[in-house]
Amino acid sequence: MKESLVQLLQQAVRRLCDAGDLPAEAVQAAVKVERARKREHGDFACGVALALAGQARTSPMAVAQKIADSISDSPLVDKVQAAAPGFVNIFLSRDALAQSIQTIRRAGEDYGRSDFGGGETIMVEFVSANPTGPLHVGHGRGAACGDALARVLVAAGFAVLREYYFNDSGRQMDILALSVWLRVLENGGEKIVFPENAYRGGYIKTIAQNFCAGGGEVCGGGALFENLPAEDEKKLDELIARGKKKLGADGWAKILNFAAGEIMENIRADLAMFRVSFDNYFSEASLAASGALEKTVAQLKNAGHLYEKDGALWFCASKFGDTEDRVVRRANGAYTYFAPDIAYHLDKVRRGCKNMINILGADHHGYIERVRAALSAAGCGEHRLDALFLQQVNLINGGKKLQMSTRRGEFVPLRTLCEEVGVDAARFFYLLRKPAQKMNFDLALARAQSSDNPVYYVQYAHARICSVLAKAGAAGGGAGIFAGADYALLQLDAESDLLGALLRYPETVTAAARQREPHQIAYYLREVANYFHVYYNRCRFIEEQAPLRAARLALIDAARIVIANGLGLLGVSAPEKM
RNA sequence: GCGCCCAUAGCUCAGUUGGAUAGAGCGUUGGCCUCCGGAGCCAAAGGUCAGAGGUUCGAGUCCUCUUGGGCGCGCCA
């Protein structure tokens, strides 16, 4: 549609240049057409005349008039007008509009799909919360956004892989094991001093109980808390060392794996509840186990991108665009988290991902450059790695702003939010903000305002349409309620507004995919719902006059399709009744 | 100190790769159901788009600076 209009305009400009009405170089002017924002401005508008006026040394209005006059007839176009200060406004023909209702209804569930992505593989990595605690409302943003983006990309013609990467090794996991172990001892009646900076959440106690119930045994603490270092983090490390000594490597691993397993299982259940699914859960520990980690380091080393300094092994990231070099292996022989991350992203490349999008919290923004640098160093520079940074979700508690912390046990579980307001409202709530916008979260407020959630406005429009269609079907004896429609009778402003919005759906989907901004779909749907509700109040659909009735029912059926498809992209249900 | 993000109505936020008179929800005020679902519709009030320069026919949007806020800068993850 847009393309053919651009062509019409270009032809007109060329004709004027050939005729000498415009300077010859005007042919090269970029002709852009955009949706008109106001009804008086028609359906599409073009601003070339404003740009050409300088070259032509006449007023923009005169140029616009010339262009409007020399546009050739087209079945698409009803009329073309020049408008101050120099826009060319295009009004589509009723025929073109009527046909588009049929186009939408024929496409049905496929309306809005495109091959914009050309079938290219793209991996969306999101959530990726470590198994140290349940998902909280901060993770919910990543889950809602990542899942919606993945759905949008699928609709835009990409082959999408969804992946969850979790760090199931390293110090965090030891702290988790320690936390559980101490709670187990506590259950056994021992007197413990639970460290301030271990995992304090109540779920740790539950895991400890389950561990005991499952026959897990642990040795007692004894002098466990004597002579500990004063500094908090050192204290944890010492407790971990004592625990490992007491339980032995196997005993420690048993409790660690049990805890991580329980938490991961819980996370998966929460994600399923939140209607988020992954093609793959990728374990960091598996990279070491499979030898991929060693292999990656060797590969970089052989290529001459690693060097030793102060006993540590460094990657010369600064040669590949990062601001400084980064440690890959510490002086104590342990790898940093960066090393497996390199191996992981090389594995993505190995699996054929030309494009990778990592959805990360804004606090990880320095991180993506170094991984990119590593990809270039490994000769995979042509594989594109992008990050979508979601700004922080702050927790508001009694008017005070806290940052959510799994360690301190300060968070609201995602599950709690969904139980309070429902999955639809929760997902829509997250998707109502663009990624770069920070977000404060107050459960009490969310609960109080849940009935104001615009999701109901959109769902209500869908349910209303279904209800009208059902009634019309019943009244009309069932079949054929759309038969004999005369679309030329749709002459209300409310009708052209609604239809105009419906026609914008496909480009809204590709824009959301291109800009990685699923929130655009949410705002678009609110607009469509608004046009529908206005229409609903403006006239009756189940009309006496059959050709008009059928046309109106077809139009709202098209609206039903768009709303259902759009909500589907957001992972929100489109109920027929509410 | 360096880097990234943000600043739009009383509050929470949109604003289509620069377009015409800057929009919506909530809140406030006043209207609309004998009729397809009132979780709806209509209207009013509410703005120096943080500030100052610049680019452009045209700037909330792009560039520079200033102010104010968030985050990051570890051989933590």
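By convention in this document, chain letters (A, B, ...) are assigned in the order of the sequence lines, proteins followed by strands, and residues within each chain are numbered from 1.
Residue whose closest nucleotide on RNA chain B sits further toward the 5' end, between Gln391(A) and Ala312(A): Gln391(A).
For the side-chain contact (heavy atoms from CB on, under 4.5 Å) with Leu431(A), the qualifying choice from Leu570(A), Val455(A), Val572(A) is Leu570(A), the only one to do so.
Looking at heavy-atom distances under 4.0 Å, Ala53(A) makes no contact with the nucleic acid at all. The residue Ala463(A) sits close to a base: some heavy atom pair falls under 4.0 Å. If you check every strand for non-hydrogen atoms under 4.0 Å, Asn130(A) touches sugar and phosphate atoms only. In this structure, His533(A) reaches the sugar-phosphate backbone alone: every heavy-atom distance under 4.0 Å involves primed, P, OP1 or OP2 atoms, never a base. Residue contacts shown for Glu324(A) are limited to sugar-phosphate atoms, with no base heavy atom under 4.0 Å away.
Glycosidic torsion of C4(B) falls outside 90° of 0, placing the base in anti.
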- RNA chain B in dot-bracket form (Watson-Crick or G-U pairs under 3.5 Å, [ ] crossing, | inter-strand) is (((((.(..((((.....[...)))).(((((.......))))).....(((((..]....)))))).)))))....

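Comparing C71(B), A39(B), C6(B) by their closest approach to the side chain of Asp363(A) singles out C71(B).
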Dump every N/O contact between nucleotides 30-33 of chain B and the protein below 3.5 Å, one line per pair.
none

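His364(A) contributes no side-chain N or O that forms a donor-acceptor pair with the base of G72(B) under 3.5 Å.
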- Annotated protein contacts, base or backbone, on nucleotides 12-26 of chain B with a non-hydrogen cut-off under 4.0 Å, one of B, S, - each: SSSSBS-BBS--SS-

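Per the geometry, CG belonging to Asp341(A) stands 15 Å off P belonging to C76(B), to the nearest Å. Nucleotide C76(B) holds its C1' atom 19 Å from the CZ atom of Arg329(A), rounded to whole Å. Taking atom CZ of Arg540(A) as the reference point, atom P of U34(B) lies 13 Å away to the nearest angstrom. Atom P of nucleotide A77(B) and atom OH of Tyr344(A) are separated by 18 Å, given to the nearest angstrom. Atom OH in Tyr531(A) sits roughly 18 Å away from atom P in G40(B) (whole-Å rounding).
Nucleotides G10(B) and G37(B) are separated by 33 Å at their C1' atoms, to the nearest Å.
In terms of phosphate contacts, Gln403(A) brings a side-chain nitrogen or oxygen within less than 4.0 Å of OP1 or OP2 of C71(B).
Within the structure, the salt bridge (charged side-chain N to carboxylate O under 4.0 Å, His left out) test picks out the following pairs touching residues 30-53 of chain A (sequence neighbours left out): Arg35(A)-Glu507(A), Arg39(A)-Asp493(A), Arg39(A)-Asp497(A). Counting only residues at least two apart or on different chains, the salt bridge (charged side-chain N to carboxylate O under 4.0 Å, His left out) pairs with a member in residues 512-528 of chain A are Asp386(A)-Arg516(A), Arg504(A)-Glu527(A).
Below 30°, between 30° and 60°, or above 60°: for Tyr165(A) and Tyr344(A) the angle between ring planes is below 30°, a parallel geometry. Ring pair Tyr281(A)/Tyr164(A) is tilted by interplanar angle, where 30° to 60° counts as tilted. The aromatic rings of His364(A) and Tyr367(A) stand perpendicular to each other, their planes meeting at an angle above 60°, with 30° marking the opposite boundary.
Between Tyr337(A) and C76(B), no base-stacking contact is recorded for ring centres under 5.5 Å apart and planes less than 30° from parallel.
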Which donor-acceptor pairs under 3.5 Å do the side chains of residues 541-549 of chain A make with protein atoms, sequence neighbours left out?
from      : atom 1 : to        : atom 2 : distance (Å)
Glu543(A) : OE1    : Gln545(A) : N      : 2.9
Arg549(A) : NH1    : Glu543(A) : O      : 2.9
Arg549(A) : NH1    : Glu544(A) : O      : 3.4

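For the residue pair Tyr457(A)/Asn530(A), the side-chain donor-acceptor check at 3.5 Å is satisfied. Side-chain atoms of Tyr307(A) and Asp325(A) include a donor-acceptor pair closer than 3.5 Å.
Note that CG of Asn167(A) and CD of Gln172(A) are 8.0 Å apart. Values are rounded to the nearest 0.5 Å.
Summarising the local packing, CD of Glu576(A) is surrounded by 12 or fewer heavy atoms from other residues, nucleotides or ligands at distances under 6.0 Å. Counting non-hydrogen atoms of neighbouring residues, nucleotides and ligands closer than 6.0 angstrom, the CZ atom of Arg384(A) reaches no more than 12 such neighbours.
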